[in-house]
Amino acid sequence: MKRILLILAILAPVLALAAPARAGGWAVTYMDPAPADMRPHTTYTLGFWLLQHGTHPYEGDDLGEVGLKFTDGRRTVGFSGVELREPSHYAAAISLPPGTWKVEGVQGWFAPYTIGTLSVPGSLKVDPIPKDIQRAIDGQAPQKDHWGEIHPPGFPAGAASPAPSTSPAVSPSAGAAGAPGTTTVAVVEPDSWWRPPYTVAAVLALVALGVVAAHRVRRR
């Protein structure tokens, strides 16, 4: 009995850490079209949409901080997002010094994920949306229209969900990434076991097994 209680006590935090991911813990950040040529020390306002499961506004009570984060290997600069009139629509005012910046979306309690690379001066080179995430979006039941005329990129006018099998991360224009019409996506993969909090849960599970094994050896 004591051994069972010990195992339960060790596994309880593991289950608690894994619970958010099992409870629908993934989201997609769609960027509004960004300027084609972004200059150093110049203020730009970037719009973006944070949609749970890639299709609808967050359904919880407290999402937490939302914004954009830029890292060049030596410096990290964050800019908070301000809620706009449309559900799950935000804007962040940014200004950066020269450099090549890794861009991440800050998605509240959802894990932040890489959006792409911004060259200053220059434009935004975006990462394509992963195929498994697109399949998960395509496979969802139709959603109600939360927006109307002003809607996230990739959502046809009047549609409640993005067009099937379209990748919002692909620029429709030829030439440099970041040209008008470019859209950026930051994602949290729902089925990747190695992403947080699964990594922490796996480590704690291994620690728990080690403790139990040591306890058994000591008793013998």
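The first residue in the sequence is number 1, and the count goes up from there. Since this is a predicted model, take the numbers as computed values, not measurements.
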Minimum side-chain heavy-atom gap Leu118-Met38 below 4.5 Å: yes
Aromatic ring proximity, centroids under 6.0 angstrom, Trp147 and Phe155: yes
Gln107 and Leu63, any side-chain heavy atoms less than 4.5 Å apart: no
Student check: side-chain heavy atoms of Val77 and Trp101 closer than 4.5 Å: yes
Intermediate values then yes/no, side-chain hydrogen bond (donor to acceptor under 3.5 Å, both in side chains), Thr71 and Glu104: CA-CA 8 Å; Thr71 307; Glu104 292 183 305; 4.8 Å; no
Pairwise distance OG1(Thr117) to NZ(Lys102) - rounded to 0.5 angstrom: 9.0 Å
Heavy-atom side-chain proximity of Ile94 to Thr43 below 4.5 angstrom: no
4.5 Å side-chain heavy-atom contact, Pro40 and Pro97: no
Donor-acceptor pair, side chain of Tyr90 and main chain of Ser80, under 3.5 angstrom: no
Inter-residue atom distance Gln52.CD - Trp26.CH2, 0.5 Å rounding: 9.0 Å
Steps toward side-chain hydrogen bond (donor to acceptor under 3.5 Å, both in side chains) verdict (Trp109, Asp62): CA-CA 9 Å; Trp109 67 266; Asp62 183 14; over 6 Å; no
Test salt bridge (charged side-chain N to carboxylate O under 4.0 Å, His left out) applied to Arg135 - qualifying residues, sequence neighbours left out: none
Spatial distance of atom OG (Ser88) from atom OH (Tyr30) [nearest 0.5 Å]: 11.5 Å
Sub-4.5 Å side-chain heavy-atom contact between Phe48 and Asp32: no
Polar contact flag, side-chain donor to acceptor under 3.5 angstrom, Asp145-His151: no
Partners meeting salt bridge (charged side-chain N to carboxylate O under 4.0 Å, His left out) with Arg74 (sequence neighbours left out): Asp72
Taking every non-hydrogen atom, the tightest pair across Ala27 and Leu50: CB-CD2, 3.8 Å
